[in-house]
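Accompanying notes for the structure given below.
Proteins get letters first, then strands, A, B, ... in listed order; numbering begins at 1 in each. This structure is a prediction, so every number in the text was calculated from the model and none was measured.
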Amino acid sequence: MIIMWRARVSDWDSMHPQKEIAEIVVSALESAIAADALPQVGDVTATVERPKNAEHGDYSTSVALALASSMRMAPREIASKITDAVAPSSMVCDVSIAGPGFINFRLDDDWLRSQIHVIRESGVEFAHLDMGAGQRVQVEFVSVNPTGPLHIGHVPGAVIGNGIANILDAAGFDVQREYYVNDAGNQMRIFIESAYVRFLQAQGKDAELPAESYPGEFVVEIGKELYEEFGNDLDGMDADGVMSVIGPQALSKTLANIRATLSRMGIEYDKWFSEQSLVSGDDFDESLELLKERGYIAEREGALWFLGTKMGLESDSVIIRSKERGPSYFGTDIAYHYNKFLKRGFDRVINVWGADHHGHVARMKAVVDSLGVAPERLTIILNQIVNFKSGDELVSFGKREDNFIAADELMDAVGPDACHYIFLERTPGTHMEFDIDLAKAESSDNPVFYVQYAHARLCAILRAAVEREIEFEDGDVSLLTMDRELALMRRLNELPDMIARAAEMLEPHHMPHFAYEVARELQRFYEACRVISSDPADAELTKARLLLVDAARIVLAGTLNIMGMNAPERM
RNA sequence: GCGCUUGUAGCUCAGUGGAUAGAGCGCAGCCCUGCGAAGGCUGAGGUCGUGGGUUCAAAUCCCGCCAAGCGCGCCA
């Protein structure tokens with residue numbers, strides 16, 4: 001029988017400490033079995049993890065405990081056979097057995113010190129992986145109906161989507177960021193009708209908003225702008241004619257508004273994909289044809305249905321409502337995913353949705369499956385709806401209401417960097433509460449500023465070195481022997497592990513947590529170790545510490561950038 | 001009613017089936033005649049919603065119950 005080894009880190013080529021340790025363990029295990037020191041057994045799953053307690057070393061595996069029952073041996077005995085077979089490595093200085101049978105690994109101090117040079121030579125790319133091996137991944141996020149500005153409820157999805165895209169990028173995927181523009185359908189029609197009425201009102205004509213409308217101030221502004229643009233030029237046309245002219249204008253104004261807000265957050269898209277283009281082009285018809293061939297389409301009650309029940313869903317869903325009323329949102333979404341997978345050929349697609357869309361998840365997976373695409377290639381990340389509080393008041397929001405707080409207002413109040421940090425910090429599944437007042441009031445006590453301050457402080461030290469004309473390129477890192485120095489180096493070298501984990505699990509919240517830990521380790525180092533000393537006897541130590549400071553700056557700035565944040569040199 | 005998600009310190013939240021469950025804020029203290037005190041250190045604070053089960057090992061996996069949020073449209 002063959003041992004199947006599955007470390008948390010699966011199959012990719014690039015190296016990071018956790019994976020290298022996993023490989024050391026695998027080959028030790030295999031050679032112990034080959035030498036008949038250990039019996040052959042079936043599949044086993046074990047992980048290499050980072051122990052909570054620093055006394056247990058830098059990495060640890062419980063594989064011996066996991067193998068105990070199938071090997072019918074005492075865990076510590078298995079552990080001892082494995083450690084006997086461990087090949088020497090420059091990265092690891094100590095392998096020991098502890099407790100009930102854990103195998104603990106300690107990183108070698110010289111290896112840690114040499115990584116300072118690696119980090120400084122490669123920059124943050126030292127931590128970039130080729131997990132993705134160039135696989136094409138699309139991340140679609142925000143995709144809010146273009147019927148008004150983004151409000152605060154849209155910010156978490158924007159931040160999370162951007163964070164996931166950035167982390168996948170760092171892990172070696174070929175990432176495309178996309179915004180799906182719902183420029184077709186009912187909501188768009190209502191929006192354009194509202195814009196039309198506001199346009200008439202701007203002209204000074206009598207007009208009433210229809211029962212279903214967007215009453216917000218934003219559409220009034222659009223009406224005014226349209227009036228400035230067209231004046232009374234369209235007076236001879238009927239309502240439909242006017243709407244066909246001003247509709248696209250209103251849409252592009254709204255999109256420009258949304259794009260500006262996102263851009264202010266440092267979020268840029270590779271593609272803004274039009275829903276309308278699915279219907280006006282071939283995608284809608286082709287996707288339908290394919291589903292029909294595969295037997296998932298039926299016509300009844302004057303509508304065209306997707307037979308979700310054939311895929312184990314609770315009900316079927318309407319694709320085309322009627323000849324006159326056209327495709328449903330779900331219908332175009334089928335075409336959209338057909339386009340993503342079968343037209344554009346993405347290997348993986350990640351959709352970031354608000355949790356209020358969770359009812360749509362199973363349906364979409366079923367659609368992808370019935371199109372003949374493995375459903376695992378589609379990942380849908382749901383971010384829970386955030387409750388925004390102001391004092392004790394719950395802030396409600398909604399496009400159709402006029403009382404929403406705009407995303408821009410949140411940026412004014414808290415700042416884009418804090419938004420990235422705060423919304424990345426929580427796992428998407430948590431039902432989080434966000435107190436706007438608290439975020440403003442505590443801004444100077446925020447972890448956001450703690451992390452950025454640490455970076456600014458490093459820059460201040462490096463500036464001081466420049467002022468004093470200290471050349472430290474030839475510094476000797478072997479002088480760095482203090483606990484705080486080594487602890488900092490350990491932390492810096494976790495960056496590749498963190499990226500691997502965040503990318504594999506699609507969990508961007510590891511980034512702010514890591515950034516915080518780096519900042520904390522830096523502040524401790526700063527307290528304990530004077531970097532620039534005026535004592536000539538310390539000249540060499542100063543140079544060595546400056547090298548470490550520079551490496552730390554690279555790691556911290558790089559992490560902040562992956563999070564979509566700035567790394568300020570001064571605050 | 002059915003489904004999805006969540007329940008961990010006073011509050012906001014981390015926690016990869018592993019070793020003594022952590023952080024921030026708040027609270028009680030201590031620490032600058034030097035590189036940025038937006039900092040460092042110490043302490044108090046927990047029946048991991050609850051009851052069973054699986055396992056050498058459960059906050060973590062499974063089942064029941066309780067509570068909260070969301071969804072259950074020919075809206076998007």
Side-chain angles (χ1 to χ4, degrees), chain A residues 8 45-53 55-56 60-62 65-66 68-69 75 98-102 104 143-145 147 182 184-188 190 212 275 301-305 314-315 317-322 325-333 354-362 382 384-385 387 399 422 425-435 438 442-447 449-450 452-454 456-465 467-468 501 504-505 507 509-510 512-513 516-517 520 522-524 526-534 542 545-546 549 570-571:
Chain A
R8 259 295 162 212
T45 298
T47 58
V48 169
E49 63 194 26
R50 181 167 284 279
K52 288 175 203 148
N53 189 336
E55 287 171 21
H56 298 139
S60 171
T61 180
S62 59
L65 290 120
S69 64
F102 293 102
N104 296 332
S143 297
V144 172
N145 276 349
T147 54
N182 298 119
N186 218 20
Q187 299 301 324
M188 199 65 228
I190 295 168
E212 276 194 306
E275 179 186 6
E301 300 156 36
L304 203 68
W305 295 73
E314 279 181 18
S315 61
S317 310
V318 168
I319 298 174
I320 300 179
R321 293 173 273 219
S322 65
R325 299 180 61 205
S328 65
Y329 167 81
F330 176 63
T332 50
D333 226 13
D356 51 342
H357 289 71
H358 68 73
H360 193 48
V361 172
L382 298 173
Q384 280 301 334
I385 302 306
N387 281 321
K399 269 292 170 55
I422 291 168
E425 198 182 9
R426 272 77 166 198
T427 60
T430 174
H431 299 255
M432 81 181 265
E433 224 164 79
F434 185 90
D435 190 321
L438 204 66
E442 284 186 349
S443 53
S444 67
D445 254 332
N446 231 307
F449 292 89
Y450 178 84
Q452 290 187 321
Y453 175 70
R457 191 178 237 181
L458 292 176
C459 293
I461 296 171
L462 292 166
R463 278 195 300 271
E467 278 166 25
R468 292 168 209 203
R501 176 148 184 232
E504 178 165 330
M505 311 295 282
E507 291 176 340
H509 71 277
H510 297 300
H513 292 149
Y516 191 88
E517 291 303 321
R520 183 211 299 277
L522 271 166
Q523 302 288 26
R524 287 174 175 161
Y526 177 87
E527 289 291 324
C529 307
R530 170 89 198 172
V531 177
I532 298 178
S533 168
S534 46
T542 290
R545 284 181 174 165
L546 283 167
V549 163
R570 298 170 202 271
M571 290 176 72

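- The pair Glu527(A)-Arg524(A) does not count as a salt bridge, with every side-chain nitrogen at least 4.0 angstrom from each carboxylate oxygen.
- Atom CD1 in Ile422(A) sits roughly 21 Å away from atom P in A23(B) (whole-Å rounding).
- Heavy atoms of Ser322(A) sit nowhere under 4.0 angstrom from any nucleic acid atom.
- Taking atom P on both nucleotides, G24(B) is separated from A44(B) by 15 Å, rounded to a whole Å.
- Note on Ala456(A): a base of the nucleic acid sits closer than 4.0 angstrom, heavy atoms only.
- Between the CZ atom of Arg530(A) and the P atom of U33(B) there is a distance of 13 Å, given to the nearest Å.
- Gly354(A) approaches Leu382(A) most closely through the heavy-atom pair O-CD2, 3.9 Å.
- Distance check on atom C1': G22(B) versus C75(B) gives 44 Å, rounded to whole Å.
- Distance check on atom C1': G43(B) versus U47(B) gives 23 Å, rounded to whole Å.
- Mapping Asn186(A) and Glu517(A) onto RNA chain B by nearest heavy atom places Glu517(A) at the nucleotide closer to the 5' end.
- Rounded to whole Å, the separation between the C1' atoms of G52(B) and A23(B) comes to 33 Å.
- With a 4.5 Å cut-off on side-chain heavy atoms, His509(A) and Arg426(A) do not count as touching.
- U33(B) and G15(B) have their P atoms separated by 41 Å, given to the nearest Å.
- Tyr450(A) has its OH atom 8 Å from the P atom of G24(B), to the nearest Å.
- Distances shorter than 4.0 Å separate none of the side-chain N or O atoms of Arg570(A) from OP1 or OP2 on G36(B).
- When each of A37(B), C74(B), G24(B) is scored by its nearest atom to the side-chain atoms of Tyr516(A), the top-ranked nucleotide is G24(B).
- With a cut-off of 3.5 Å on both Watson-Crick or G-U wobble distances, the partner of A67(B) is given as U6(B).
- For Ile461(A), counting side-chain heavy atoms from C-beta on, the closest listed nucleotide (C35(B), A76(B), A19(B)) is C35(B).
- A donor N or O paired with an acceptor N or O is found under 3.5 Å between the base of A19(B) and the side-chain atoms of Asn104(A).
- Computed from coordinates, the Glu212(A) CD to A76(B) P distance equals 11 Å when rounded to whole Å.
- Between Thr542(A) and Val531(A) the shortest heavy-atom distance is OG1-O, 3.2 Å.
- One C1' atom belongs to U20(B), the other to A59(B), and the distance between them is 15 Å to the nearest Å.
- Evaluation of atom-type donor-acceptor distances gives no pair under 3.5 Å for the side chain of Ser328(A) against the base of A76(B).
- Here C74(B) sits opposite no nucleotide as a Watson-Crick or G-U wobble pair (both hydrogen-bonding atom distances under 3.5 Å).
- The side chain of Arg524(A) places an N or O atom within less than 4.0 Å of a non-bridging phosphate oxygen (OP1 or OP2) of C41(B).
- Searching all strands for a Watson-Crick or G-U wobble partner of G45(B) with both distances below 3.5 Å returns nothing.
- Closest to the Pro447(A) side chain, of the nucleotides C35(B), C74(B), G24(B), is G24(B).
- Comparing Gly359(A) and Gly99(A) along RNA chain B, the residue whose closest nucleotide (by nearest heavy atom) sits nearer the 5' end is Gly99(A).
- Rounded to whole angstrom, the span from the CG atom of Leu65(A) across to the P atom of G18(B) amounts to 11 Å.
- U54(B) is unpaired under the criterion used here, namely a Watson-Crick or G-U wobble arrangement in which both key atom distances are under 3.5 Å.
- By the side-chain hydrogen bond (donor to acceptor under 3.5 Å, both in side chains) test, Asp356(A) pairs with no residue at all, sequence neighbours left out.
- A sub-4.0 Å separation between OP1 or OP2 of C74(B) and a side-chain N or O of Ser317(A) is absent.
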| request: For each nucleotide in nucleotides 3-12 of chain B, reading 5' to 3', give B when a protein heavy atom comes within less than 4.0 Å of its base, S when such contact involves only the sugar-phosphate, and - otherwise. | output: BBBS-----S
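- Nearest nucleotide to the side chain of Phe449(A), out of A38(B), C35(B), A19(B): A38(B).
- When all heavy atoms of Gln384(A) and His431(A) are compared, the pair lying nearest together is OE1-CE1, 3.4 Å.
- Where stacking is scored as ring centres under 5.5 Å apart with planes under 30°, Phe102(A) registers as stacked on the base of A19(B).
- Closest approach to the His510(A) side chain among A19(B), G15(B), G39(B) is made by G15(B) (side chain taken as heavy atoms from C-beta onward).
- As rounded to whole Å, 10 Å separates atom P of A76(B) from atom NE2 of His360(A).
- Of the possible polar contacts, none joining the Ser328(A) side chain to the Ile320(A) backbone as a donor-acceptor pair under 3.5 Å is found.
- Residue contacts for Ala68(A): at a heavy-atom cut-off of 4.0 Å it reaches no nucleic acid atom on any strand shown.
- Taking only side-chain atoms of Ala464(A), from C-beta outward, the nucleotide of C35(B), G36(B), G15(B) with the closest atom is C35(B).
- In the set A76(B), G40(B), A19(B), G40(B) carries the atom at the smallest distance from any side-chain atom of Glu527(A).
- Ring pair Tyr450(A)/Tyr516(A) is parallel by interplanar angle, where below 30° counts as parallel and above 60° as perpendicular.
- For C13(B), the paired base is G22(B) (Watson-Crick or G-U wobble, both distances below 3.5 Å).
- The NZ-P distance, from Lys52(A) to A58(B), rounds to 13 Å in whole Å.
- Nucleotides G45(B) and A21(B) have their C1' atoms positioned 14 Å apart, rounded to a whole Å.
- Syn is the glycosidic conformation of C32(B), whose angle stays within 90° of 0.
- In this structure, Cys529(A) reaches the bases: a heavy-atom distance under 4.0 Å links it to at least one base atom across the strands shown.
- OP1 or OP2 of C75(B) has at least one side-chain nitrogen or oxygen of Arg321(A) nearer than 4.0 Å.
- Side-chain contact between Glu301(A) and Val318(A) is absent, with no heavy-atom pair separated by less than 4.5 Å.
- Rounded to the nearest Å, the gap between the P atom of C13(B) and that of G53(B) is 33 Å.
- The side chain of Tyr526(A) lies closest to G36(B) when the candidates are C74(B), U20(B), G36(B).
- A donor and an acceptor atom, one from each side chain of Thr147(A) and Gln187(A), are nowhere located under 3.5 Å apart.
- In this pair, His357(A) lays its aromatic ring flat on the base of A76(B), centres within 5.5 Å and planes under 30 degrees apart.
- Within 4.0 Å (heavy atoms only), Asp356(A) reaches sugar-phosphate atoms of the nucleic acid but no base atom.
- Stacking of the aromatic ring of His509(A) onto the base of A14(B) is not found under the criterion of centres within 5.5 Å and planes under 30°.
- Pairing each heavy atom of Pro75(A) with each of Pro100(A), the nearest pair is CB-O, 3.3 Å.
- Rounded to whole Å, atom C1' of C75(B) lies 10 Å from atom CZ of Arg325(A).
- Considering only residues two or more places apart in sequence or on other chains, His56(A) meets the ring-ring contact (aromatic ring centres under 6.0 Å, His included) condition with none of them.
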